[in-house]
Protein chains: 2
Amino acid sequence: MASSRQSPPRDHLLATASRLFYNDGINRVGVDRVLQEAGVTRATLYRHFAGKEALVVAYLEREDKVIQALWKEGLDRAVSADHALELAIEGIADDAYRHHTRGCPFIKAAGEYPDPESPVRQLINKHRAWFHAELRRLLAEAGRDDVDGRAEILAMLRDALMVGCFLDDPDVTRRTFVRAARRVAGLR
Amino acid sequence: MASSRQSPPRDHLLATASRLFYNDGINRVGVDRVLQEAGVTRATLYRHFAGKEALVVAYLEREDKVIQALWKEGLDRAVSADHALELAIEGIADDAYRHHTRGCPFIKAAGEYPDPESPVRQLINKHRAWFHAELRRLLAEAGRDDVDGRAEILAMLRDALMVGCFLDDPDVTRRTFVRAARRVAGLR
DNA sequence: GGTTAGAGAAAGAACGGTCGTTCTCTCTGA
DNA sequence: TCAGAGAGAACGACCGTTCTTTCTCTAACC
């Protein structure tokens with residue numbers, strides 16, 4: 001367990017792999033391409049990761065961590081429970097519109113890993129459960145009724161936002177999402 | 001142009017490829033596996049299709065045709081414009097809940113084909129444009145205001161339904177979709 | 001009418017390339 | 001001196017594709 005976490009070559013490798021996996025699809029990107037673009041050699045990859053699937057899991061874990069960090073950071077500015085809901089909706093919209101313009105990394109990965117028992121799919125389930133729970137928490141703290149129903153549809157709107165910013169008009173999709181999400185969240 | 005359309009081996013091959021591509025992901029399924037499960041030989045594949053990408057395009061074209069046929073068939077039973085909206089929403093929910101339980105074939109394919117200019121992506125755009133247009137048509141025929149806005153959010157709800165029936169609880173997702181979609185469509 | 005030449009489709013061997021992985025060798029620094 | 005990391009060759013397996021061979025059915029000719 002010498003180099004399991006936080007080593008510069010590992011981080012660089014993971015960042016490169018993440019970019020390639022997200023942009024081109026996991027199954028389309030071979031380890032050779034990751035190594036070439038990262039400028040490291042095979043031995044480096046297999047020293048830090050057990051194999052390609054471990055690299056994929058690390059990629060999604062990294063996405064999960066970044067998203068959770070941005071989420072918490074964004075909500076720190078909230079001055080009220082209603083304001084937290086507003087910030088959450090704007091933050092989700094910004095993320096899809098500006099950064100995740102090629103769809104949701106988790107939804108995409110699920111499409112490439114058909115086995116529901118695989119570590120990849122379990123990680124995806126964990127991430128989605130976290131997001132649902134966060135939405136329920138924000139809605140409950142704002143005193144809304146039907147917390148479960150509202151959270152469910154907000155989560156669905158986020159999935160749709162990700163798809164729409166990828167495949168349809170990002171501006172229209174974003175505007176539609178914000179309008180609908182605010183209504184569901186009981187804002188305005 | 002002897003065997004361009006409607007030949008049994010071609011149809012059987014395409015049906016097998018469609019099932020495998022949809023269930024396991026296009027890039028995960030090699031032609032060997034398609035051939036083996038279809039019980040045909042390589043020569044048969046390359047006689048009817050130019051290559052794997054042509055097979056993928058044919059798979060999505062087939063999905064597109066089936067969906068459009070089901071859509072039209074379902075709407076034929078409508079006795080009014082409002083009833084058509086109801087049938088459309090129920091039909092979409094049924095399709096995701098019963099048949100397309102592993103996500104939307106087009107959204108999944110888009111994730112595996114990063115080049116927006118590729119024939120695959122163009123076909124996906126065409127299908128999505130058709131669906132948006134159909135929603136606008138139904139809403140306009142029912143005399144609703146803000147046809148574009150309503151159609152946009154209905155289309156988004158359908159994308160979310162597909163994702164949710166794949167990765168979350170299908171029952172909850174379906175119920176949430178129908179409730180929200182009926183409200184957006186101005187029903188009840 | 002029987003035979004055979006020819007076209008079309010199927011069978012499967014084989015191609016070069018890439019997949020993910022493992023190996024050996026060399027270098028480096030303590 | 002020696003453990004550990006990097007470099008790169010090499011592995012078997014599979015990728016999508018092409019090739020040659022075999023089979024079959026048709027049609028024309030004797």
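Residue numbering restarts at 1 for every chain, and letters A, B, ... go by the order of the sequence lines.
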Sidechain N-carboxylate O distance under 4.0 Å for [X], [Y]:
X: A:R144; Y: A:D82; result: yes
X: B:E112; Y: A:K108; result: no
X: B:E141; Y: B:R137; result: yes
X: A:D146; Y: A:R150; result: no
X: B:R174; Y: B:E90; result: yes

To the nearest Å, how far apart are [X] [atom1] and [N] [atom2]?
X: B:Q36; N: D:dC14; atom1: CD; atom2: C1'; result: 13 Å
X: B:L13; N: C:dA9; atom1: CG; atom2: C1'; result: 14 Å
X: A:L45; N: D:dA7; atom1: CG; atom2: P; result: 13 Å
X: A:F49; N: D:dG6; atom1: CZ; atom2: P; result: 13 Å
X: A:R10; N: D:dA5; atom1: CZ; atom2: P; result: 14 Å
X: B:Y46; N: C:dA13; atom1: OH; atom2: P; result: 17 Å
X: B:E53; N: D:dT17; atom1: CD; atom2: C1'; result: 14 Å

Of the options [options], whose atoms approach the side-chain atoms of [X] most closely?
X: A:R42; options: D:dA9, D:dA5, C:dA9; value: D:dA9
X: B:V31; options: D:dT17, C:dG12, D:dG6; value: D:dT17
X: A:T41; options: C:dA11, D:dG6, C:dT21; value: D:dG6
X: A:A43; options: C:dT22, C:dA11, D:dG6; value: D:dG6
X: A:K52; options: D:dT18, D:dA5, C:dG20; value: C:dG20
X: B:D32; options: C:dA9, D:dA5, D:dG16; value: D:dG16

Check whether NZ of the Lys or CZ of the Arg A:R121 lies under 6.0 Å from the centre of the six-membered ring of A:F106 and within 45 degrees of that ring's axis. no
Check for me whether A:R182 meets the cation-pi criterion with A:F177, that is, NZ or CZ under 6.0 Å from the six-membered ring centre and within 45 degrees of the ring axis. no
Quick one: side chains of residues 157-169 of chain A, donor-acceptor pairs under 3.5 Å with protein atoms, not counting sequence neighbours, listed by atom name and distance.
from, atom 1, to, atom 2, distance (Å)
A:D159, OD1, A:R128, NH1, 3.4
A:D159, OD2, A:R128, NH2, 2.7
A:D168, OD1, B:R128, NE, 3.0
A:D168, OD2, B:R128, NH2, 2.9
A:D169, OD1, A:D171, N, 2.8
A:D169, OD1, A:V172, N, 3.2

Distance alone, cut at 3.5 Å: any donor-acceptor contact between the side chains of A:Q122 and A:K126? no
When you measure only distances, ignoring hydrogens and angles, does the side chain of A:R47 come within 3.5 Å of the base of D:dG4 through a donor and an acceptor? no
Inspect the surroundings of CD in A:Q36 and state if more than 12 heavy atoms from other residues, nucleotides or ligands are less than 6.0 Å away. no
Helical bend (five base pairs per end, nearest 10°) for the helix from C:dG1-D:dC30 to C:dA30-D:dT1: 20°
Indicate, with a heavy-atom threshold strictly under 4.0 Å, whether A:V29 touches base, sugar-phosphate, or nothing. sugar-phosphate
Enumerate the residues from residues 14-28 of chain A whose closest heavy atom to DNA chain D is under 4.0 Å, giving them by residue number; use none for an empty result. none
